[in-house]
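Note that the structure is predicted; figures quoted are calculated from it, not measured. Every chain is numbered from 1, with letters handed out A, B, ... down the list of sequences.
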Number of protein chains: 2
Amino acid sequence: MADEDLGCYFTLIYEVGIINQIGTAFLEARLPNGLLVSHFGVVSHLIRVGDGATPVELAGAFQVAKTTMTHTLAGLEKHGFVEMRPNPADKRSKQVWLTDNGKKFRDEALAKLAPLFQELAGRFSSSRAAAMLPELAEFRAVIDQLRDEIT
Amino acid sequence: MADEDLGCYFTLIYEVGIINQIGTAFLEARLPNGLLVSHFGVVSHLIRVGDGATPVELAGAFQVAKTTMTHTLAGLEKHGFVEMRPNPADKRSKQVWLTDNGKKFRDEALAKLAPLFQELAGRFSSSRAAAMLPELAEFRAVIDQLRDEIT
DNA sequence: TGTATTTAATGCGATATCGTACTAAATACC
DNA sequence: GGTATTTAGTACGATATCGCATTAAATACA
């Protein structure tokens with residue numbers, strides 16, 4: 001129960017911060033003209049989970065402020081990668097739909113990233129990466145829950 | 001070798017991104033008046049590793065741009081948490097030294113954070129967190145290396 | 001039914017971060 | 001020793017992100 005006991009959480013956050021920095025920079029360097037990981041992430045999310053999410057749902061999924069998501073979505077819309085449509089179930093709300101160009105953007109980004117990840121796979125196997133995921137995901141779920149409770 | 005093989009890297013980066021978001025927001029909500037995790041991180045680093053690092057070394061340690069570190073250090077100096085002194089070994093360079101107020105800031109921040117981490121420890125044990133660290137650190141080292149090579 | 005509270009999205013201002021360009025010093029190289 | 005290249009730090013402009021306030025719609029509730 002000493003302080004050093006809690007130190008591993010700080011170390012964990014520290015490591016995660018650095019990995020996030022490097023990963024973001026890596027991906028961003030390979031995305032076309034001014035597009036960011038946030039854009040790529042939203043499009044990927046829409047492909048994985050499905051179209052028609054609301055901005056507030058997306059903000060929750062990525063744990064960013066609503067205003068940030070508004071900004072990101074505006075950028076995606078300007079590039080023609082998503083379409084904002086009124087939400088038939090709630091007139092305050094909107095729905096985000098992918099366009100063909102949006103899917104193409106994601107496919108091309110993935111293709112451009114693939115060699116890099118192949119190289120990475122040679123140095124840190126995908127099975128090792130996969131093995132880390134369950135604990136990471138649960139840690140994420142725990143602090144997510146904690147965040148909700150503490151407000 | 002299919003695409004799904006590489007998918008775990010994306011998932012890893014995604015999880016790390018969210019954890020980073022939540023962790024940063026958590027810590028920042030508990031730091032005094034306008035201080036950020038970047039400030040806390042630098043002070044903690046100087047305590048852990050030792051005084052007298054140069055700005056460029058700190059930028060490297062946190063994988064942020066030099067200009068960002070200049071900005072962060074200016075904030076710390078304005079709060080009186082660090083002192084910038086000329087580097088006797090290199091007249092272009094500087095050294096960053098902690099002040100007593102800087103150490104106090106870190107101690108107080110830690111004290112304020114402790115209950116939160118105690119609560120966290122009850123839901124995700126420190127031993128589980130510690131168990132994740134070696135793989136995370138090595139993954140970090142690998143992408144760090146990759147970053148250097150690819151330029 | 002009518003009012004109060006909550007919620008979705010956005011406008012606005014503040015600021016953290018980044019890339020580029022610049023200056024001064026160190027290093028390489030001839 | 002003299003020139004060219006690299007490196008440390010910073011100024012400046014661009015922009016991503018956030019918090020606060022506002023508007024419109026949904027929900028609670030009396």
Distance check, rounded to the nearest 0.5 Å: A:Ser93 atom OG versus A:Arg85 atom CZ?
13.5 Å
How bent is the helix from C:dT1-D:dA30 to C:dC30-D:dG1, measuring the angle between the end axes built from five pairs each, rounded to 10°?
30°
Specify the separation, in whole Å, of atom CD1 of B:Ile18 and atom P of D:dT17.
13 Å
From NE2 of B:His39 over to C1' of C:dT17, roughly how many Å is that when rounded to an integer?
12 Å
For DNA chain C, what residues of residues 50-80 of chain B have any heavy atom nearer than 4.0 Å?
B:Val64, B:Ala65, B:Thr67, B:Thr68, B:His71, B:Thr72
Report yes or no: do B:Ile47 and B:Leu113 belong to one cluster of Ile/Leu/Val/Met/Phe/Trp/Tyr joined by side chain heavy-atom distances under 4.5 Å?
yes
For DNA chain C, which residues in residues 81-95 of chain A have a heavy atom at a distance below 4.0 Å?
A:Arg92, A:Ser93, A:Lys94
Are the aromatic rings of A:Tyr9 and B:Phe124 close, with centres under 6.0 Å apart?
no
Phosphate OP1/OP2 of D:dC18: any B:Gln21 side-chain N/O under 4.0 Å:
yes
Rounded off to whole Å, could you give me the CD-to-P distance for the A:Glu28 and C:dT17 pair?
14 Å
Using 0.5 Å steps for rounding, measure from the NE2 atom of B:His39 to the CG atom of B:Leu73.
8.5 Å
Do A:Phe62 and A:His45 have their ring centres less than 6.0 Å from each other?
yes
Pair B:Arg123-A:Gln145, side-chain donor/acceptor within less than 3.5 Å:
no
Report yes or no: do B:Leu110 and B:Phe105 belong to one cluster of Ile/Leu/Val/Met/Phe/Trp/Tyr joined by side chain heavy-atom distances under 4.5 Å?
yes
Distance col, row A:Ser38:OG vs A:Leu31:CG, nearest 0.5 angstrom, shows 9.5 Å
Would you check if there is a donor-acceptor pair between the side chains of B:Gln95 and B:Asp51 at a distance under 3.5 Å?
no
To the nearest 0.5 Å, what is the distance between CD1 (B:Ile19) and CG (B:Leu136)?
8.0 Å
